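Working notes, beginning with the structure itself.
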Number of protein chains: 2
Amino acid sequence: MKFKDNMPIYLQIIDHVKLKIATGEYKRAEKLESVRDMAQKLRVNHNTIAKTYQFLEKDGIIFSKKGVGSFITESEEMISRIREERIFFKISTFVNDLRVLGYSDKKMIEELEKFLKGEIQNG
Amino acid sequence: MKFKDNMPIYLQIIDHVKLKIATGEYKRAEKLESVRDMAQKLRVNHNTIAKTYQFLEKDGIIFSKKGVGSFITESEEMISRIREERIFFKISTFVNDLRVLGYSDKKMIEELEKFLKGEIQNG
DNA sequence: AATGGTGTACTATGTATATAGTACTGAATA
DNA sequence: TATTCAGTACTATATACATAGTACACCATT
């Protein structure tokens with residue numbers, strides 16, 4: 001995993017975990033890697049992962065049991081919400097950003113289609 | 001201007017200036033607000049604006065003259081590039097983010113159209 | 001009962017960011 | 001020439017972030 005240096009690592013890992021939940025890679029009630037294993041895997045300090053897990057727990061996205069481990073929420077409703085909020089955020093951000101740049105709805109769609117077509121030719 | 005607390009202020013202001021260039025609000029060779037005026041307007045320390053301007057100058061986006069002021073680049077090519085790079089970044093980020101979430105090109109366009117239509121009904 | 005893996009907590013250290021305050025340098029102008 | 005407005009530079013202080021290292025509390029298993 002690559003980190004940007006203009007954003008706290010623990011926030012990037014929080015988003016990383018939420019993304020994995022949104023894509024279904026992390027499933028309901030699944031056991032997460034331990035604080036120390038995750039730290040080693042991502043090459044960060046275990047305190048940073050501990051902070052990450054504590055923030056995720058505060059938001060009800062995971063729950064931790066001392067001496068046992070950390071687990072993805074048991075609420076399917078929460079999992080759905082994480083996915084849907086993410087999709088809504090991505091689309092609304094996109095629309096807003098392009099409108100600020102002067103794009104109409106029509107042009108926005110056209111440019112998106114052009115981008116998708118051009119990609120195939122290039123790659 | 002509102003700042004997010006998870007990203008350095010000076011980086012947010014850099015983006016803010018680049019956006020104004022991209023939209024045409026800041027024009028070629030135009031004089032920027034002074035370090036101290038901009039600081040007062042955005043309610044940050046003047047050192048933060050000085051840092052911002054120095055980064056923008058390092059990238060050739062503005063140039064500063066001691067005792068005179070800071071100015072938008074005289075290069076129209078640079079201005080066009082700032083706008084085009086921004087648009088490309090927004091579109092490619094959007095496409096990538098939605099693909100990660102499992103969206104096909106077709107579904108991506110459909111959801112965008114649905115969002116744009118739904119918006120009109122809601123607002 | 002002892003061991004090992006778990007989350008958690010704490011101190012210490014270093015870096016980046018932002019502020020406050022001050023002062024210097026250069027250019028335009030009254 | 002003196003003043004004013006620019007950018008620039010410096011010290012000091014505070015906070016957030018990340019690391020390193022250590023230790024403790026809890027739970028399951030041997």
Side-chain angles (χ1 to χ4, degrees), chain A residues 1-18 20-21 26-75 78, chain B residues 1-18 20-21 26-74:
Chain A
M1 181 174 180
K2 294 174 193 170
F3 299 111
K4 296 178 185 175
D5 56 359
N6 55 9
M7 191 178 162
I9 291 176
Y10 79 95
L11 288 180
Q12 297 184 55
I13 303 175
I14 285 174
D15 191 69
H16 177 250
V17 171
K18 289 176 74 176
K20 287 199 169 187
I21 293 172
Y26 281 155
K27 299 187 200 315
R28 175 182 174 286
E30 176 177 337
K31 192 172 189 291
L32 281 159
E33 289 167 283
S34 78
V35 164
R36 289 170 184 78
D37 285 354
M38 175 80 87
Q40 191 171 24
K41 183 177 164 191
L42 300 186
R43 295 160 158 268
V44 297
N45 192 272
H46 65 261
N47 293 319
T48 302
I49 303 297
K51 191 175 185 177
T52 297
Y53 282 12
Q54 281 157 20
F55 271 77
L56 286 167
E57 177 155 31
K58 180 179 61 61
D59 290 340
I61 295 170
I62 70 172
F63 60 98
S64 299
K65 291 183 195 168
K66 224 182 210 179
V68 184
S70 297
F71 305 84
I72 301 294
T73 176
E74 295 182 337
S75 163
M78 168 69 85
Chain B
M1 181 175 181
K2 295 174 191 169
F3 298 110
K4 297 178 184 175
D5 57 359
N6 54 9
M7 191 177 165
I9 292 176
Y10 79 96
L11 288 180
Q12 297 184 55
I13 302 176
I14 286 175
D15 191 69
H16 176 250
V17 172
K18 290 176 73 177
K20 287 199 169 189
I21 294 173
Y26 281 155
K27 299 187 197 318
R28 175 183 174 283
E30 178 176 335
K31 191 170 189 294
L32 281 160
E33 290 168 282
S34 76
V35 164
R36 289 171 181 79
D37 285 354
M38 175 80 88
Q40 191 172 24
K41 184 178 164 189
L42 299 186
R43 295 161 159 268
V44 299
N45 192 271
H46 65 262
N47 294 318
T48 302
I49 304 296
K51 190 176 184 178
T52 298
Y53 282 12
Q54 282 156 19
F55 270 79
L56 286 167
E57 177 155 30
K58 181 178 61 59
D59 290 341
I61 295 170
I62 72 172
F63 60 97
S64 298
K65 291 183 195 168
K66 225 181 208 177
V68 185
S70 298
F71 305 83
I72 301 294
T73 176
E74 295 182 339

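Within every chain, numbering begins at 1; the chains are lettered A, B, ... in the order of the sequence lines, protein sequences first and strands thereafter. All of these numbers come straight from a predicted model, not from anything done at the bench. Heavy atoms only: backbone and side chains are in, while hydrogens, waters and symmetry mates are out.
The interatomic distance linking B:Asn47 (CG) with D:dA9 (P) rounds to 11 Å, in whole Å. Distance CD1 (B:Ile62) to P (D:dA6): 14 Å, rounded to an integer number of Å. Atom NZ in A:Lys58 sits about 17 Å away from atom C1' in C:dT8, given to the nearest Å. Rounded to an integer number of Å, the gap from NZ of A:Lys4 to P of D:dA18 is 15 Å. Atom pair A:Ile14:CD1 and D:dC17:C1' shows a separation of 13 Å (rounding to whole Å applied). Atom CE of B:Met38 is separated from atom P of C:dA18 by 15 Å (rounded to the nearest Å). Across the protein-nucleic acid pair, B:Tyr53 atom OH and D:dA9 atom P stand 16 Å apart, rounded to whole Å. Regarding A:Arg36, its CZ atom lies at a distance of 13 Å from the C1' atom of D:dA20, rounded to whole Å.
Counting any heavy atom pair closer than 4.0 Å across all strands shown, B:Gln12 reaches no nucleic acid atom.
For D:dA18, neither phosphate oxygen OP1 nor OP2 lies less than 4.0 angstrom from any side-chain nitrogen or oxygen of A:Tyr10. At C:dA18, none of the side-chain N or O atoms of B:Lys51 fall inside 4.0 Å of OP1 or OP2 (strictly under the cut-off). Between A:Ser70 and the phosphate of C:dT6, there is no side-chain N or O to OP1/OP2 separation shorter than 4.0 Å. OP1 or OP2 of C:dT17 has not a single side-chain nitrogen or oxygen of B:Thr48 nearer than 4.0 Å. Neither OP1 nor OP2 of C:dG5 sits under 4.0 Å from any side-chain N or O of A:Ser34.
Heavy atoms from other residues, nucleotides or ligands lying under 6.0 Å from CD of B:Gln40 number 12 at most. Summarising the local packing, CD of A:Glu33 is surrounded by more than 12 heavy atoms from other residues, nucleotides or ligands at distances under 6.0 Å. When the shell of 6.0 Å around NZ of A:Lys65 is examined, it contains 12 or fewer heavy atoms from other residues, nucleotides or ligands.
The 5' end of DNA chain D is approached more closely, in terms of each residue's nearest nucleotide, by A:Ile9 than by the other of A:Lys65 and A:Ile9. Nearer the 5' end of DNA chain C, as judged by each residue's closest nucleotide, is the contact made by A:Gln54, out of A:Gln54 and A:Asp5. DNA chain C is contacted by both B:Met7 and B:His46; B:Met7 maps to the nucleotide lying nearer its 5′ end (nearest heavy atom per residue).
Taking every side-chain heavy atom of B:Pro8 into account, C:dT17 is the closest of C:dT17, D:dG7, D:dT8.
Listed here is the closest heavy atom pair of B:Tyr53 and B:Ile62: O-CD1, 3.6 Å.
Judged by distance alone, the side chain of A:Asn45 and the main-chain N or O of A:Asn47 form a donor-acceptor pair under 3.5 Å.
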